[in-house]
Colleague: 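Sharing a structure with you now.
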Amino acid sequence: MFDIAIIGGGPGGYVAAEKAGKSGLKAILFEKKDLGGVCLNEGCIPTKTLLYSAKLYDHARKSEKYGVRAEEVELDYKKMTDRKTKVMRKLVAGIGLRMKNAGVEVIKGEAIIEGRTPEGAISIAAGEERYEAKNLLICTGSETFVPPIPGLDMSANEAVVTHRELLAIKEVPTSLLVIGGGVIGMEFASLYNSLGTEVHVVEMMPEILYTMDSEISAMLRAQYAKKGVHFHLSCKVTSIEGNRVNFVDNEGITHSIESDKILVSVGRRPTTQGFGLETLGVAIERGGIKVDAEMRTNVEGVYAAGDVTGFSMLAHTASREAEVVINNLCGNADTMSYDAIPGIVYTNPEVAGVGLTEAQAEQHNIAYECFKLPMAYSGRFVAENEGGEGLCKAIVEKATGRIIGLHMLGNSCSEIISSACIAIERGMTGKELERIVFPHPTVAEIIKECLI
């Protein structure tokens with residue numbers, strides 16, 4: 001009998017398993033593919049590995065403005081993708097070692113929930129084996145949403161791909177049309193634009209990265225338009241015919257573009273089917289598993305974390321939700337807070353944001369002040385980003401002076417947004433942050449300077 005069974009070995013599942021094992025709980029982890037889940041094997045890590053290579057390629061080709069002349073810079077796409085695979089394998093092996101060191105039993109295979117035993121335990125089948133646990137944590141993640149567009153048949157059309165197939169291609173496509181200007185879509189647009197591909201982005205909303213700060217999203221779009229990316233906003237794809245994508249704009253005019261590859265990137269949906277969830281009577285709400293602040297479902301002893309809840313579909317959210325589950329099982333009261341969940345877009349330049357945007361503050365009827373400072377105010381940024389543009393933007397609640405949002409455009413912001421996360425989670429005011437000593441010269445200083 002296990003204290004906890006965990007279905008799904010992604011950022012929620014393996015974090016929960018390791019923490020459970022180190023806390024003295026007898027834990028078993030089921031993963032039907034590879035440890036690390038979609039994030040490590042098909043998403044976050046492989047894309048960021050390729051994006052880093054693309055960024056180095058950009059720097060090498062433009063190094064002369066830094067006083068470094070690099071002639072005949074060449075791209076070796078096979079070497080890039082081989083390195084991506086090496087990085088993934090190394091990290092998967094590392095997670096396996098962490099599970100072993102924590103005493104977690106790992107089962108590689110598809111887990112099927114069979115329901116409750118007469119004694120009240122949760123029964124799970126994997127292959128021909130049966131396992132029982134007192135508690136169950138569901139971390140089955142999400143899958144790419146494929147919209148019902150006429151002609152969108154990936155089984156019959158090799159031109160149409162999701163991020164998974166695009167990561168597996170053997171050569172750089174001549175052209176790429178991205179359906180969806182969200183985070184995934186923009187990261188692939190960034191990657192292949194750097195590698196010389198003609199890129200088109202078709203987005204139904206009036207701006208890319210629609211859930212992020214609109215001013216910063218527009219600035220990023222403007223920079224990529226200068227780099228040659230073609231944006232088609234407020235446009236709806238109506239059909240796909242082979243390599244041709246047909247779409248209509250907000251004036252009703254139909255357009256058609258042919259592309260070597262067509263990336264479908266319009267979002268993801270929770271994976272709640274195919275593993276016997278219905279045998280327990282777990283409640284589903286808006287497509288995901290309904291949970292409370294302690295990640296408990298409506299069924300005693302059953303929890304859920306990560307994308308399967310359909311709420312904050314980010315790897316770091318999943319990991320924190322998993323910690324909440326294990327903390328409570330171990331008697332350490334804990335609840336999940338979503339006030340300071342950072343969102344990052346690993347384009348070149350990067351985008352990072354945490355807390356409320358201006359639009360969200362207005363939706364919640366919160367009176368606020370907005371403070372802005374160009375990234376060029378940071379000496380370190382200017383030294384390392386010749387000709388680069390960026391912005392730091394802070395949202396402060398008028399009534400309390402608390403920092404409720406911070407949004408940035410500029411390289412290094414993915415690494416420095418954490419200080420804003422801490423400030424927002426702790427309810428700090430701008431005056432309180434002013435007392436914190438930031439090292440100089442660093443790009444991170446821009447956060448403090450913006451609020452002074």
Side-chain angles (χ1 to χ4, degrees), residues 8-11 31-57 74-96 108 110 140-147 149 151-201 240 242-243 245 258-269 271 307 313 315 345-348:
E31 172 53 55
K32 63 181 179 180
K33 293 183 179 178
D34 293 310
L35 290 174
V38 169
C39 179
L40 174 49
N41 297 284
E42 301 173 2
C44 313
I45 299 302
T47 54
K48 278 53 177 180
T49 305
L50 292 176
L51 281 164
Y52 185 72
S53 292
K55 185 178 288 188
L56 287 179
Y57 185 51
E74 295 182 355
L75 173 70
D76 188 337
Y77 191 68
K78 182 180 184 304
K79 205 161 190 176
M80 281 178 60
T81 56
D82 286 348
R83 179 175 179 271
K84 171 204 70 177
T85 302
K86 182 182 74 172
V87 168
M88 289 160 52
R89 288 175 177 170
K90 180 178 181 179
L91 294 175
V92 169
I95 294 173
K108 186 171 183 179
E110 190 168 9
T140 49
S142 62
E143 56 193 3
T144 300
F145 172 66
V146 180
I149 299 172
L152 202 169
D153 184 358
M154 285 182 280
S155 63
N157 188 349
E158 292 184 356
V160 182
V161 296
T162 67
H163 70 280
R164 183 185 300 108
E165 292 81 28
L166 196 55
L167 284 169
I169 61 175
K170 302 300 182 183
E171 56 186 32
V172 178
T174 303
S175 55
L176 172 69
L177 186 144
V178 182
I179 301 176
V183 176
I184 296 173
M186 280 307 302
E187 288 184 350
F188 276 105
S190 171
L191 170 63
Y192 287 106
N193 170 255
S194 293
L195 303 187
T197 299
E198 180 184 346
V199 178
H200 289 261
V201 177
I240 296 174
N243 289 65
V245 177
E258 289 189 356
S259 185
D260 187 15
K261 291 293 180 183
I262 301 164
L263 171 63
V264 180
S265 180
V266 296
R268 298 181 67 80
R269 61 184 178 189
T271 302
D307 287 10
M313 300 171 78
V345 190
Y346 295 85
T347 45
N348 184 18

Colleague: Heavy atoms, side chains only, cut-off 4.5 Å: are Phe188 and Leu167 in contact?
Modeller: yes
Colleague: Are Asn41 and Lys33 packed together at the side-chain level, in the sense that at least one heavy-atom pair is separated by less than 4.5 angstrom?
Modeller: no
Colleague: Taking only residues at least two apart or on different chains, which pairs with a member in residues 81-95 satisfy side-chain hydrogen bond (donor to acceptor under 3.5 Å, both in side chains)?
Modeller: Lys78-Asp82
Colleague: Walk me through whether Ile95 and Leu40 qualify under side chain to side chain contact (heavy atoms under 4.5 Å, CB included).
Modeller: CA-CA 10 Å; Ile95 294 173; Leu40 174 49; 3.5 Å; yes
Colleague: Can you tell me which residue pairs pass the side-chain hydrogen bond (donor to acceptor under 3.5 Å, both in side chains) test with a partner in residues 183-201, sequence neighbours excluded?
Modeller: Lys48-Glu187, Asp58-Ser194, Tyr77-Tyr192, Ser190-Tyr224, Glu198-His200, His200-His232
Colleague: Are Ile45 and Val87 packed together at the side-chain level, in the sense that at least one heavy-atom pair is separated by less than 4.5 angstrom?
Modeller: yes
Colleague: Is there a donor-acceptor pair closer than 3.5 Å between any side-chain N or O of His163 and the backbone N or O of Glu42?
Modeller: yes
Colleague: Say you draw a straight line from NZ of Lys55 to CG of Asn348; how long is it, rounded to the nearest 0.5 Å?
Modeller: 5.0 Å
Colleague: Does the pair Ile179 and Val266 meet the rule for a side chain to side chain contact (heavy atoms under 4.5 Å, CB included), with working shown?
Modeller: CA-CA 7 Å; Ile179 301 176; Val266 296; 3.9 Å; yes
Colleague: Supply the atom-to-atom distance Asp307 CG to Arg268 CZ, rounded to the nearest 0.5 angstrom.
Modeller: 6.5 Å
Colleague: Check Met313 against Ser142 and note the closest heavy-atom contact, atom names and distance.
Modeller: CE-CB, 3.4 Å
Colleague: Rounded to the nearest 0.5 Å, what's the gap from CD on Glu143 to CZ on Arg164? Could you check?
Modeller: 9.0 Å
Colleague: If I compare all heavy atoms of Cys39 with all of Pro46, which pair ends up nearest, and what's the gap?
Modeller: O-CD, 3.8 Å
Colleague: Looking at Ser259 and Leu176, would you say the former's side chain and the latter's main chain have a donor-acceptor pair under 3.5 Å?
Modeller: yes
Colleague: Would a 4.5 Å heavy-atom cut-off, applied to side chains only, mark Thr144 and Ile184 as touching?
Modeller: no
Colleague: Say you draw a straight line from CD of Glu258 to CG of Asp260; how long is it, rounded to the nearest 0.5 Å?
Modeller: 11.0 Å
Colleague: If you take all heavy atoms of Met80 and Ser53, which pair is closest and at what distance?
Modeller: CE-CB, 3.6 Å
Colleague: Just verifying a value: how many Å separate Leu177 CG and Leu263 CG, rounded to the nearest 0.5 Å?
Modeller: 9.0 Å
Colleague: Rounded to the nearest 0.5 Å, how far does CG of Leu91 lie from CG of Asp34?
Modeller: 12.0 Å
Colleague: With a 4.5 Å heavy-atom cut-off, do Leu152 and Ile262 have their side chains touching?
Modeller: no
Colleague: Does Leu195 form a side chain to side chain contact (heavy atoms under 4.5 Å, CB included) with Leu75? I'd like the steps, not just the answer.
Modeller: CA-CA 8 Å; Leu195 303 187; Leu75 173 70; 3.8 Å; yes
Colleague: Using a 6.0 Å cut-off, check whether atom OH of Tyr52 has over 12 heavy atoms from anything other than its own residue.
Modeller: no
Colleague: Do you know which two heavy atoms are closest between Gly242 and Ala159, and how far apart they sit?
Modeller: O-CB, 4.2 Å
